[in-house]
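Everything numeric in this text was worked out from a predicted model, so none of it was measured. Just so you know, ligand 1 is whichever comes first in the structure, and atom 1 is the first atom listed for that ligand. Keep in mind that the numbers below use all heavy atoms, side chains included, and drop hydrogens, waters and symmetry copies.
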Amino acid sequence: MKQYKFWFATGSQDLYGDECLAHVAEHSKKIVEHLNKSGLLPYEIVWKPTLITNELIRKTFNEANADEECAGVITWMHTFSPAKSWILGLQEYRKPLMHLHTQFNEEIPYDTIDMDFMNENQSAHGDREYGHIVSRMGIERKVIVGHWADEKVIGRIASWMRTAIGIMESSHIRVMRVADNMRNVAVTEGDKVEAQIKFGWEIDAYPVNEIAEYVEAAAKADVDTLVEEYYDKYEILLEGRDPEEFRQHVAVQAQIELGFERFLKEKNYQAIVTHFGDLGALKQLPGLAIQRLMEKGYGFGGEGDWKTAAMVRLMKIMTEGMKDAKGTSFMEDYTYNLVPGKEGILQAHMLEVCPTISEGPVGIKVTPLSMGDREDPARLVFTSKTGKGIAASLVDLGNRFRLIINTVDCKKVEKPMPKLPVATAFWTPEPSLATGAEAWILAGGAHHTAFTYDLTAEQMGDWAAAMGIEAVYIDKDTTIRTLKNEMLWNSVAFR
Ligand code: MN
C-alpha cells in the first residue's frame, strides 16, 4: 500500500479582509497540527492553503486527484464560503470526501463576542451553505460534527480514514481463482465484469495445476525452515498419529504456502479462492497454508467464492496497521445452538479460518477430510476472541449487488469441543438469533462471510455507499417490518 495522506482544505472568502483570512489560516493550521499530534489518526493530514476562489478550489481538487498519496480531502468552512465557488472543483473531484463540521472555538466567548468574531467564526452558517451544494450535486461524503479536539470526533475521523483507504484500495484488489465456483451453488456466483465496474476488482482464473507446479517447485530447504517455524509457533497435536507421518503432512502445507505465495506475488494477486473439488496435483486441500496466507493479509474464499475473498482482502486493507487489532477472517455459518438464552451460530469452515482472530493457543492437527478426496490435511485449530464484530456478505441479486452487514457478539462456547478438528468462533447476531437470522435470510445473505472485530457497520456501509451499492444493516435496531420495507424501497432506488 502507498503511504496515504489526507488533505485538509478550509473554505472562506475575501469579504472579511486579510486579518480575518490570516486567522482562518492560523486556526486551520492549529487544527491540523493537533489532529496529527493526537496519535489517534492512522494517516497524516496535510494542511492546504485556504480556499477562497473558484479557480483555487478547482485547482486544489484536481491536484488531490493527481496526487497518488492523497486518499481524500477533509473540507471545513471556517467562515462563509459561497458554495457556487465549489461546483467545478467538486464536479471534477474523484476521491473520498469528508466534511468536518467543526468550529475553532469550543465555547461562545460570552464576554467578548462581537460582530467581527461572528463573521470570522461562522462554520454553523458556512458549512450549511457548503453542505447544500454537495447534497444538491449528489456527491457521497462523510459529515462529522463536533469540536476538533474532542477525542470522539478524532476517533470518527480515524474511522472514516480507514473507509477512505478501502475506497481507494478497492480498485487495486486482484483475486486469483484456481477453481470455478462449486457446482450448483448460487450465492457464491456473481457478475465478475460488474464487480470490476463497481468495485474495481480484477478477478482472474488460472488452471489449478499452474499453481501446483509452483508448489512442487518449492525448495526442500525452504519447506524445512517453514516447518520448523510452524513447530516453534504452534502446538503440535498428534492425537495418536505417528510424529514423522504427521510432520510430512504438515510439510505438504508448508510447500503449498510457499508455492502459493510465490505465485500470488509474481502475478500480483492479493486474494485467492480454492475449491475442494478442483485440486489437480495438490496433495492436500490447502488448509494451514491458506490460514497462514490470510494471516499475512491475503483475502480468501472457499469453493470459488471470489466475492468473499475480495471482501476479506478489503477488510484486511482497511484494518492495516491498527493498534490492538483483534482480527479478520473468512468465515462460514455452520451450526446453531438454539438453547433459549444461549442462542448463537458456530462459525468455522472445513479448514480455512484466519488465526488473527484466535485467542489462546493455536495448534496444528492432521485429520481426515472427506471433501476433496486427498491426503489428510494439516490445519490450525483454535477458538476466537470475544466481543463485538461484523459479518458482511456481498451478494449479486442478478441486476445489482447488495452488501449485508450484521453486527454480532462473539462469545466463548460453554464447553470445549474436543472432537472438532477446526478453528471456530461463536456469535450471537444482533438483535437476537431469531431476528438476526430471519433478517439475514430475507436479505439473501450467504453462508460465507467476511468477518472482522476491527471495523464497524458504519465503515462498511460508507464503503458500500461510495461504491454505489445497497447496504443492508442488521443490528440492535433491526425489526423485520422495517427491514422488509427498506429492502422494498431500495429495490426501486437501486433499480
Ligand atoms: Mn464453504
Below 6.0 angstrom between ring centroids: does that apply to Tyr336 and Tyr334? no
Whether the Gln270 and Asn268 side chains hold a donor-acceptor pair (N or O, under 3.5 Å, no angle test) is what I'd like checked. yes
Nearby protein N/O/S atoms (those under 2.8 Å) for the Mn ion (ligand 1), with water ignored: Glu303 OE1, Glu332 OE1, His349 NE2, His448 NE2
Kindly state each residue pair satisfying salt bridge (charged side-chain N to carboxylate O under 4.0 Å, His left out) with at least one member in residues 308-318, sequence neighbours excluded. none
Less than 6.0 Å separating the ring centroids of Phe263 and Tyr206? yes
Any side-chain donor paired with an acceptor under 3.5 Å for Gln284 and Glu375? yes
Would you kindly say whether Glu303 and His349 are connected by a side-chain donor-acceptor distance under 3.5 Å? yes
